[in-house]
Amino acid sequence: MNSKLRKCFLGIALGYVIILCGLFYWHLFADLGQHPANPRYYLMFRQARGSILDRHGDFLASSAGEDYKRVYATASLAHVVGYFHQRYGLTGLERLYHEELFSGRSLYTTLDLEIQIMVEEVLGDRVGCAIVLKPSTGEVLALVSSPTVDGNALDEFWPDYLEDLRSPFLNRITQGLYPPGSLIKPIVYGGALAQKLVDPAQIWVDQGALQIQNRTLSNSGGKALGAITTDQALAFSSNVVFARLAMDLGDSLLEQFLAFGLGSQTNFELSSQRGYVPPKASSPYALAQLGIGQGELLVTPLHMAMVVAAIANRGVMMKPYLIQELRGGLQMRQINRPQVLAEVMPEQVALIVRDAMVLAVQEGTAHEAVVPDLDLAAKTGTAQVGQGKDHAWFMGFAPSHQPEVAVVVLVEHGGFGGTVATPLGAQMIAKAIEIVDSEKGKR
Amino acid sequence: MQPLYRAWLEFTLWLGAMVFWLLLTQGLAIWWQPVVMWFVLVLLFGVTKWSGHPAQAVPLVGFAVFIGWLFLVRLDPNWAQQQFWGFLVGALAYLIGLFGPLLVFDAPILWACGSLGLLLMTLLFGHQVGGAKAWLTLGTVRFQPVELSRIFLVVYLARQFGERRSGWKTLLVLGVFLALLLWQRDLGPALLVFFVFCSLSLYVHFSWYTLSVYVVTSILGFVAAYTWFPHFSNRVLAWVWPWDYSDSKGYQILQGLFALEAGGVAGKGLGRGLAKVIPANHTDYLLVVIGEEFGLVGTFSLILVYLCLAFWAVQLLMDVEGEVQRTIGLGLILLLHGQVFLVVGGILRLLPFTGMTLPFVSYGSSSLVAQFLMLGMITSLGRAPK
């Protein structure tokens with residue numbers, strides 16, 4: 001008899017277990033907070049929300065007025081901080097740290113609002129992007145992608161944004177994929193130096209073009225550079241020399257790319273593309289192409305920013321980051337500390353590459369970047385694309401012996417890197433250092 | 001018995017904290033109600049124990065009643081006040097169930113007549129409040145006879161099954177009962193009683209043939225109800241595609257799910273949820289208000305209380321001598337827990353939603369009284385271990 005009762009109890013218990021599973025699911029695993037029919041979603045926009053601040057405590061995003069309208073300090077922040085809008089939803093850090101901001105806590109970022117605005121102004125209405133980092137820590141000081149949507153004016157311009165063929169929603173720093181062009185050469189040079197395949201003072205004869213398996217690879221404009229050292233080859237961006245170095249490196253060239261983090265996830269706070277490094281070079285010509293940053297190779301500007309910061313930081317690559325800490329209520333929570341990702345090249349090699357980049361500014365392709373009293377190291381790039389004008393690249397850092405800022409600039413279809421991107425980059429570096437120094441003086 | 005006293009002590013501390021909270025935050029004049037409720041519960045506990053019955057259910061049910069009362073205070077103190085009086089009458093009903101010789105006389109015809117008579121009276125003299133015509137008024141007291149009626153019917157059915165004399169007469173009574181309920185458009189209790197009927201019949205004599213007959217009948221009943229009752233077909237549509245009807249049929253079920261999701265693990269805290277957008281937040285949907293403000297912790301512990309209650313009742317039945325008494329006890333247990341399954345399963349989208357109260361928790365004096373009567377009857381079957 002009792003076994004029948006026991007079965008009845010097990011039946012009832014099974015019913016309750018199913019109910020408990022249902023409760024677990026709806027309480028913990030369902031994601032309904034932003035469902036359009038959920039009144040909590042609308043009410044979210046009618047209450048005070050934690051602010052997002054820059055490294056000095058200046059407001060990047062704050063809730064203002066009686067209706068708690070979200071106000072952003074400048075338009076270009078839409079690509080970093082994101083926006084928070086009842087109709088258009090949440091993006092960027094607003095989305096990533098929604099729970100914390102919603103509960104009234106403030107988010108302190110690594111950005112510097114003054115530098116962000118300066119970079120935005122220097123870039124102007126060109127289609128492109130620029131990022132400023134502190135090489136010794138990996139903190140991102142400014143991140144601008146142009147054109148941008150404006151978090152303060154979504155209502156007015158939303159239809160225009162949707163129709164804009166220049167994709168204002170695309171964050172070119174983390175999502176844009178480009179061939180790196182000559183910006184890859186410091187990596188190739190570093191690899192060849194580390195493997196002792198080349199000496200900085202070694203003399204090469206550059207006749208302007210190179211025959212590889214009945215195909216021709218030539219310098220920019222077919223210009224013959226004559227007898228040059230390897231340092232000068234980098235400074236004048238000799239395709240002939242670097243194609244030969246790449247072929248000397250062979251398959252270890254691809255390993256060198258991977259060691260610098262190309263083609264892999266950056267683990268940055270904002271969602272980023274991986275880029276692409278081919279698993280194998282199909283021919284010596286393909287290898288030569290990779291050595292000058294063409295061919296199948298694709299990177300994001302963020303990847304190149306990590307590379308230039310690693311060279312500036314004497315071969316030690318730091319993890320780039322945007323968020324410092326959360327404050328509010330009773331607690332302060334540190335989110336990030338400077339974190340070493342890898343030692344991507346030996347210190348001596350990094351110093352040689354750096355000196356070659358200084359040479360590029362003094363007499364090479366980055367000569368446009370000369371700014372009085374500024375000790376700048378830089379590399380320019382002109383990436384050929386299938387259609388339209390070339391992409392103009394610039395990467396650099398200063399002061400070269402004790403770098404405070406590293407910058408990457410890309411102008412889409414801008415033309416020649418040395419004349420288009422380089423003046424912008426040099427201006428950004430000079431002004432950023434000025435801002436950093438004046439802030440140091442204040443404190 | 002030692003752990004039981006400790007449970008009482010903890011319960012009392014919890015209650016004290018609650019009264020303190022009420023004084024601090026609400027400044028309400030009803031702080032004495034939980035105190036009276038506590039004394040009444042202690043009284044019920046003592047009476048049950050000293051009369052030789054197992055008393056463990058009293059603190060369990062007390063917990064559920066207090067949670068419900070607390071949330072009614074939070075929603076509208078007037079409802080809590082009503083619930084308080086309902087609880088006092090319920091305590092009386094519990095004592096009647098415990099000491100009234102209800103289950104002793106072998107007079108099934110009385111139970112059947114009582115059950116059907118109550119329903120008939122509702123149909124003839126009742127009036128409509130909200131959706132269903134389910135209320136009777138006696139002087140100044142208004143109540144829902146269906147709550148009592150279904151207990152009587154289950155006792156009748158269990159007695160017939162227990163005595164092994166169920167036949168066409170039993171089916172006829174059940175049929176009339178279901179027909180009267182469907183006449184009143186009250187699908188929930190009909191479903192519940194049908195569930196208890198099937199379970200009891202299978203408990204008494206299990207056969208695959210009977211089971212398949214019940215499954216087929218349920219499917220036919222489902223199809224028929226879907227075809228003929230727009231009320232029911234709406235519930236089914238809201239169950240399967242609530243997202244498509246978010247501002248009409250599916251509104252209530254979605255608001256319930258949103259509230260549960262918003263509650264998370266620990267809830268937002270008492271009074272901080274968005275209860276006002278949830279229809280029937282004091283009766284059928286009180287659980288989601290608890291879920292939003294006390295989180296998974298709150299709903300989980302409430303369900304655990306019901307599970308403990310089921311375990312306690314089955315334990316109790318195991319020591320009962322006599323097949324008839326045991327069957328009656330089981331029928332009452334199934335009636336109680338079947339109701340929890342239907343209402344919570346409906347809220348969680350495991351079943352189509354059928355409007356019924358959550359036993360001992362939801363607002364509603366009639367159902368509270370009926371459930372206390374049922375609890376008293378179950379307890380009266382048991383003997384405390386010496």
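Below, all heavy atoms of this structure are taken into account, side chains as well, without hydrogens, waters or symmetry copies. On a predicted model such as this, the values are computed, not experimentally measured, just so you know. Below, read A as the first sequence line, B as the second, and so on, with proteins coming before strands; counting in each chain starts at 1.
- Both the backbone and the side chain of B/F311 come within contact range of chain A, with heavy atoms under 4.5 Å apart.
- By number of non-hydrogen pairs under 4.5 angstrom with chain A, the leading residue of B/V340, B/L202, B/L296, B/V277 is B/L296.
- Residues A/I173 and A/T300 are not in side-chain contact: their nearest non-hydrogen atoms beyond the backbone lie 4.5 Å or more apart.
- Looking at B/Y214 and B/T210, their side chains come closer than 4.5 Å, going by heavy atoms from C-beta outward.
- With hydrogens and angles disregarded, a donor-acceptor distance shorter than 3.5 Å links the side chain of B/Y306 to the backbone of B/P359.
- Geometrically, A/R40 does not engage B/F258 in a cation-pi contact defined by less than 6.0 Å to the ring centre and at most 45° from the axis.
- Only one option out of A/Y88, A/F102, A/F84, A/Y68 pairs with A/F45 in a ring-ring contact (aromatic ring centres under 6.0 Å, His included); it is A/F84.
- Looking at B/I333, only its side chain comes within 4.5 Å of chain A, counting heavy atoms on both sides.
- With a 4.5 angstrom heavy-atom cutoff, B/V204 touches chain A only via backbone atoms.
- Taking 4.5 Å as the limit, some side-chain heavy atom of A/R87 sits within range of a side-chain heavy atom of A/D155.
- Ranking B/G291, B/S246, B/G263, B/G267 against chain A, the residue ahead of the rest is B/G291, based on heavy-atom pairs under 4.5 Å.
- A pairwise comparison of heavy atoms in B/I278 and B/A259 identifies CD1-CB, 3.9 Å as the closest pair.
- Proximity to chain B among residues 9-25 of chain A is limited to A/F9, A/I12, A/A13, A/G15, A/Y16, A/I18, A/I19, A/L20, A/G22, A/L23, A/F24, judged by heavy-atom separations below 4.5 angstrom.
- In this structure, A/L53 and A/T109 have side chains that are not in contact, with every pair of non-hydrogen atoms separated by 4.5 Å or more.
- At a 4.5 Å heavy-atom cutoff, B/Y251 makes no contact with chain A through either its backbone or its side chain.
- Using a 4.5 Å cut-off between heavy atoms, B/L330 contacts chain A through its side chain alone, with no backbone atom that close.
- In summary, B/R272 and B/E292 do not engage in a salt bridge, as defined by a charged side-chain N under 4.0 Å from a carboxylate O.
- The choice from B/L257, B/V314, B/L307 that makes the most heavy-atom pairs within less than 4.5 Å of chain A is B/L257.
- The shortest heavy-atom contact between A/S145 and A/T148 is O-CB, 3.6 Å.
- Residue B/K268 touches chain A through its side chain alone, counting heavy-atom pairs closer than 4.5 Å.
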